[in-house]
Amino acid sequence: MLAAYRATSLGPVLVSASRTLATAATPSSIYLDPARSQEASVTSTPHNIPPALRNELESALRVDQAGELAANWIYKGQHDVLGRDAATGPLIQASTEMWDQEKKHLAVMNKLQLQHHVRPTLLWELARIGGYGLGAVTALMGKEAAMACTEAVETVIGEHYDDQLKALEQLPQDHPSVPLLRDVIKEFRDDELEHLDIAVQHDSQKAPAHALLSTIVGTGCKVAIELCRRF
């Protein structure tokens, strides 16, 4: 049964994100603007497409929604640990700004999931718990490790969004939802790559065993992507 995103303790924060970010001049802002909520670009989905292409669209959005959910819980885990240390003030500020963007991403992905009639991943709770655990554990390893986690995750997600843009080129460009979807994915990809740069600026590559940590986190992300595509 098609369902909207499940309620979590992030729910009130997502509502706040919708209110405060709706005026941002970005492609995704249309999804957070009540005045535009009835436009065809945000209410319709292409139906007359081959089953394989429909499956590609649904898999892409299912993965994206789960990924943004996990990203939000990664940042929550990091904040719950690093927020106790006054010395991490500048890092927490940068992380908070990145988290605010991830809240917006998830709010928009929740709307895209409903618009395009996509079943959420069956691994929703695993994405939430796994994301929080990854954020908290890497934060316990130190602020550099927390940023190394962000760097590794955003590297994979940036590449993933690039791959999606190529895969979705076959969608009918004359359908009102398609150009907007592509622009939203480009916007989110650019946000994620910006997060990667911020993580590097905050000494992610000085983390102990940086290469090993990056490999473990990156591989875990790739496995999670494939699982969410299927389930």
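Computed over heavy atoms, backbone and side chain alike; hydrogens, waters and symmetry mates excluded. In this text, all values refer to a predicted model and were calculated from it rather than measured experimentally. The residues of the chain are indexed from 1 along the displayed sequence.
Under the 4.5 Å side-chain heavy-atom criterion for ILVMFWY residues, no single connected hydrophobic cluster contains both Ile225 and Leu193. A chain of hydrophobic side-chain contacts below 4.5 Å, direct or via other Ile, Leu, Val, Met, Phe, Trp or Tyr residues, connects Phe231 to Leu126. Under a hydrophobic-cluster definition in which Ile, Leu, Val, Met, Phe, Trp and Tyr are linked whenever side-chain heavy atoms come within less than 4.5 Å, directly or via other members, Val200 and Tyr75 are assigned to different clusters. Hydrophobic clustering places Val223 together with Leu123 (ILVMFWY residues linked when any side-chain heavy atoms are closer than 4.5 Å, directly or through intermediates). Note on Leu196 and Leu134: separate hydrophobic clusters, where clusters join Ile, Leu, Val, Met, Phe, Trp and Tyr whose side-chain heavy atoms are under 4.5 Å apart, directly or indirectly.
Glu187 and Ser28 are linked by a side-chain donor-acceptor pair at a separation below 3.5 angstrom, with hydrogens and angles left out of the test. Using modelled atom types, one finds no donor on one side chain facing an acceptor on the other under 3.5 Å when comparing Arg182 with Ser177. Defined by atom type and a distance below 3.5 Å, a donor-acceptor pair is present between the side-chain atoms of His195 and Gln101. In summary, the side chains of His210 and Glu151 do present a donor paired with an acceptor at a separation below 3.5 Å, with no hydrogens or angles considered.
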One pair to check against side chain to side chain contact (heavy atoms under 4.5 Å, CB included): Glu144 and Asp203. What are the steps and the verdict?
CA-CA 6 Å; Glu144 292 84 3; Asp203 299 327; 4.0 Å; yes

Would Leu168 and Ile185 count as a side chain to side chain contact (heavy atoms under 4.5 Å, CB included) if you check the C-alpha gap in whole Å, the side-chain angles of each, and the deciding distance to 0.1 Å?
CA-CA 10 Å; Leu168 298 179; Ile185 292 176; 3.8 Å; yes

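A 4.5 Å side-chain heavy-atom check between Arg128 and Lys76 finds every atom pair outside the cut-off. Residues Ser41 and Ile30 meet the side-chain proximity criterion, which asks for heavy atoms closer than 4.5 Å. Looking at heavy atoms from C-beta onward, Ser44 lies in side-chain contact with His175 at the 4.5 angstrom threshold. A 4.5 Å side-chain heavy-atom check between Leu122 and Arg119 finds at least one atom pair inside the cut-off. Side-chain contact check for Gln115 versus Tyr31: some heavy-atom pair is nearer than 4.5 Å. Between Gln164 and Leu57 there is no side-chain heavy-atom pair separated by less than 4.5 Å. Using a 4.5 Å heavy-atom threshold, the side chains of Val42 and Lys111 count as separate. The side-chain heavy atoms of Leu112 and Asp64, taken from C-beta on, include no pair separated by under 4.5 Å.
Within 6.0 Å of the CD atom in Gln173, the count of heavy atoms belonging to other residues, nucleotides or ligands exceeds 12. Gln170 CD: 12 or fewer foreign heavy atoms inside a 6.0 Å radius.
Ala148 and Leu213 make their closest contact through CB-CD2, 3.8 Å (heavy atoms, listed as atom of the first residue, atom of the second, distance). Nearest heavy atom pair, residue Ile74 against residue Cys149, reads CG2-SG, 4.3 Å. In plain terms, the two heavy atoms of Val81 and Ala136 that are nearest each other are CG2-O, 3.8 Å. Ala152 and Ser214 make their closest contact through CB-O, 3.8 Å (heavy atoms, listed as atom of the first residue, atom of the second, distance). Residues Cys228 and Thr121 approach most closely at SG-OG1, 3.8 Å, considering heavy atoms. For the residue pair Glu102 and Asn72, the shortest heavy atom distance occurs at O-ND2, 3.0 Å.
Note that the CH2 atom of Trp124 and the CD1 atom of Ile129 stand 13.0 Å from one another [nearest 0.5 Å]. Going from atom CD of Glu154 over to atom CD1 of Ile198 covers 9.5 Å, rounded to the nearest 0.5 Å. Taking CG of Asp191 as the reference point, atom CG of Asp100 lies at 11.5 Å (rounded to 0.5 Å). Taking CG of Leu140 as the start and CG of Leu82 as the end, the distance is 8.0 Å to the nearest 0.5 Å. A distance of 7.5 Å separates CE of Met147 from NE2 of His202, quoted to the nearest 0.5 Å.
Using modelled atom types, one side-chain atom of Thr138 and one backbone atom of Gly135 make a donor-acceptor pair closer than 3.5 Å. The main-chain N or O of Leu106 is found under 3.5 Å from a side-chain atom of Asn110 such that the two form a donor-acceptor pair. Within the 3.5 Å criterion, the main-chain N or O of Arg229 finds a donor-acceptor partner in the side chain of Arg62.
A salt bridge does not link Asp190 to Lys186: none of the charged nitrogens lies less than 4.0 Å from a carboxylate oxygen. Ion pairing between Glu68 and Lys104 fails under the 4.0 Å rule for side-chain N and carboxylate O. Taking 4.0 Å as the cut-off between side-chain N and carboxylate O, Glu226 and Arg230 count as a salt-bridged pair. Under a 4.0 Å N-O distance rule, the pair Arg189/Glu192 does not qualify as a salt bridge. A salt bridge is absent between Lys166 and Glu169: the closest approach of a Lys/Arg side-chain nitrogen to an acidic carboxylate oxygen does not fall below 4.0 angstrom.
Ring pair Phe188/His105 is parallel by interplanar angle, where below 30° counts as parallel and above 60° as perpendicular.
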